[in-house]
2 protein chains.
Amino acid sequence: MSLKHALLVLLESQPATGYDLRKRFAEHMGYFWSASHQQIYLQLKKLNAEGQVSCEITEQADKPDKKTYTLTEQGQASLQEWLCEPVKPCAYNDALLVKLYAGHLTDTEVLITEISRLREHNEKKLAIFQGLERDYQSLAPSPRQQMKLPFLTLRRGILEVQAWLSWSEEVLAALRD
Amino acid sequence: MSLKHALLVLLESQPATGYDLRKRFAEHMGYFWSASHQQIYLQLKKLNAEGQVSCEITEQADKPDKKTYTLTEQGQASLQEWLCEPVKPCAYNDALLVKLYAGHLTDTEVLITEISRLREHNEKKLAIFQGLERDYQSLAPSPRQQMKLPFLTLRRGILEVQAWLSWSEEVLAALRD
DNA sequence: CGACTCATGTAACTTGTTACATGATTTG
DNA sequence: CAAATCATGTAACAAGTTACATGAGTCG
């Protein structure tokens, strides 16, 4: 697991609240990381208990206190350590493929509906990702250089959805044969 | 989640022990489902408690008792129900991409090593998958027809590793620029 | 006037991981 | 003679999900 590490990475650039981090996950890491707000708050609490982040509380009238987390030196160090360890290949479990594997137990229509849904979903994602890609490409050289690595993660998102789209076409053709 | 459903799918074709199922996962569903033996035994126990599978115990000298699980009518029914529900898109969390995103905090060499490892890993997978693809294509028409759906899941595995390989090349080129 | 934003949490539960444990038989 | 195969489990822990809760301010 490394929600903790993902949080440390985001906190490295600037202190933030759980709320901020949740938005940054959704906006910038959406195509390779998903996290619920509960998990984020929980892991921040644990990181704080471990001394990897510090927490400054701002009281607010009529709202819950705001907790701003900052990376500590210890957090920096453990992030560095993590960066040098080889990552584990991520195991993934895909219910859709289980369903297709067992497709002989149901109507072909059910499968076609699922795959069509998948295709639509990925078409929408592709449109969004390609928009982000254009934004990147129209940047001036210097900020573009700075965004090079995040852009590579976007490229991964694009290649991934394209692979799903090619596969969807293959499967729909095979199911309709 | 649906390890339970994946187990029901495998049990639909024939009764099996936890041990058998673990092997069948590794052999036939390896490219879209991973499960540890502990999880398999645990979920089988739960399915049994829920009445979705029945369990027949064979005593063996010098070995743990063998437990053969069979799908019950209730299990059949819940499998049918699951097949008709839309699947949830599977959220995936990829530590490698987090690392790349934060790559400015470490040496480019570290990143190149990771991506090279990824490429090698996927090249091996591709070779295995393409072997399975050839096996399928050399089947007689009738068994080939029967294996059509599992073959489509293999195709997914192939398109997936190819997408990883294309991306690896892009990233290595960008990191070495 | 309903939905969204800000801002955080608890509680109960399910799922998954890691480490440990047993022990005979077969294969290289 | 070591490793894999057969065959199952417990225990402790970590991670993730789902549902529930609060409550003002703002936008269309």
Side-chain angles (χ1 to χ4, degrees), chain A residues 1-8 15-27 29 33-50 52-53 55-69 78 82 85 87-95 98, chain B residues 1-8 15-27 29 33-50 52-53 55-69 78 82 85 87-95 98:
Chain A
M1 106 81 200
S2 35
L3 173 52
K4 278 185 187 171
H5 299 291
L7 291 168
L8 295 180
T17 65
Y19 193 85
D20 297 334
L21 290 166
R22 171 207 202 178
K23 281 208 308 189
R24 288 173 64 192
F25 268 114
E27 282 162 24
M29 292 180 155
W33 203 275
S34 73
S36 64
H37 82 272
Q38 290 89 339
Q39 270 301 300
I40 292 171
Y41 288 124
L42 180 65
Q43 296 301 332
L44 283 172
K45 193 184 277 187
K46 287 190 185 177
L47 285 170
N48 188 34
E50 290 164 15
Q52 314 213 337
V53 301
C55 174
E56 198 189 338
I57 296 175
T58 313
E59 284 181 41
Q60 301 189 116
D62 300 328
K63 281 189 194 176
D65 296 348
K66 186 187 275 199
K67 294 184 181 173
T68 304
Y69 292 95
S78 93
W82 177 72
E85 279 167 20
V87 297
K88 300 175 198 167
C90 70
Y92 95 125
N93 294 357
D94 194 315
V98 174
Chain B
M1 110 79 200
S2 36
L3 173 53
K4 277 185 186 171
H5 299 291
L7 290 168
L8 295 179
T17 65
Y19 193 86
D20 297 335
L21 290 166
R22 171 207 201 178
K23 280 209 308 190
R24 288 173 65 194
F25 268 113
E27 283 162 23
M29 293 182 155
W33 203 274
S34 72
S36 63
H37 82 271
Q38 291 91 339
Q39 269 301 301
I40 292 170
Y41 287 124
L42 179 66
Q43 296 300 333
L44 283 171
K45 193 183 275 185
K46 287 191 184 175
L47 285 170
N48 188 35
E50 291 164 15
Q52 314 214 335
V53 301
C55 173
E56 198 188 338
I57 296 174
T58 313
E59 285 180 40
Q60 300 188 118
D62 301 328
K63 280 188 196 178
D65 296 349
K66 184 187 277 198
K67 295 184 182 174
T68 304
Y69 292 93
S78 92
W82 177 72
E85 278 167 20
V87 296
K88 300 175 200 168
C90 70
Y92 94 124
N93 294 358
D94 194 316
V98 175

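Between B:Lys4 and C:dT14, a side-chain N or O to OP1/OP2 separation shorter than 4.0 Å is absent. In this structure, B:Thr17 does not reach the D:dC6 phosphate: none of its side-chain N or O atoms is under 4.0 Å from OP1 or OP2.
A:His5 and A:Trp82 make their closest contact through ND1-CG, 3.3 Å (heavy atoms, listed as atom of the first residue, atom of the second, distance).
Here C:dC6 is the nucleotide among C:dC6, D:dC6, C:dT17 with the atom lying nearest to any side-chain atom of A:Tyr19. Listed candidates were C:dC6, C:dT18, C:dT15. Nearest to the side chain of B:Lys46 is C:dT15. Distance from the side chain of A:Lys66 is smallest to C:dT8 among C:dG16, C:dT8, D:dT17. Out of C:dG16, D:dT18, D:dT8, the shortest distance to the side chain of B:Arg22 is found at D:dT8. Listed nucleotides D:dT17, D:dA15, C:dC6 differ in distance to A:Ser36; the shortest reach to its side chain belongs to D:dT17. Closest to the side chain of A:Gln38, from the set D:dT8, D:dC20, C:dT8, is D:dC20. Candidate nucleotides D:dA15, C:dT8, C:dT18 were compared by shortest atom distance to the side chain of A:Lys88, and C:dT18 ranks first. Residue A:Tyr41 places its side chain closer to C:dA7 than to any other of C:dG16, D:dT18, C:dA7.
Between the CG atom in B:Leu3 and the CZ atom in B:Phe25 there is a gap of 5.0 Å [rounded to 0.5 Å]. Taking OG1 from B:Thr17 and CG from B:Leu44, the interatomic distance works out to 9.0 Å, rounded to the nearest 0.5 Å. To the nearest 0.5 Å, atom CD of residue A:Gln43 and atom CG of residue A:Asn48 are 12.5 Å apart.
Taking atom CG of residue A:Leu21 and atom P of nucleotide C:dT8, one finds them 9 Å apart after rounding to whole Å. Rounded to whole Å, the distance from CD on A:Gln39 to P on D:dT18 is 12 Å. Between the P atom of C:dT10 and the CD atom of A:Gln43 lies a distance of 14 Å, rounded to the nearest Å. If you take CG of B:Asp20 and P of D:dA7, they are 7 Å apart, rounded to a whole angstrom. The interatomic distance linking B:Asn93 (CG) with C:dT15 (P) rounds to 18 Å, in whole Å. Rounded to a whole Å, the CG atom of B:Leu44 is 13 Å from the P atom of D:dT10. In this structure, B:Glu50 atom CD and C:dT14 atom C1' are separated by 11 Å, rounded to whole Å. B:Ile40 has its CD1 atom 12 Å from the C1' atom of C:dG16, to the nearest Å.
Judged by closest nucleotide on DNA chain D, B:Gly18 is the one of B:Gly18 and A:His37 placed further toward the 5' end. Taking for each of B:Leu42 and A:Lys45 the nucleotide of DNA chain C with the nearest heavy atom, the 5'-most of the two is the partner of A:Lys45.
A salt bridge does not link A:Lys66 with A:Glu56: every distance from a Lys NZ or Arg NE/NH1/NH2 to an Asp or Glu carboxylate oxygen is 4.0 Å or more.
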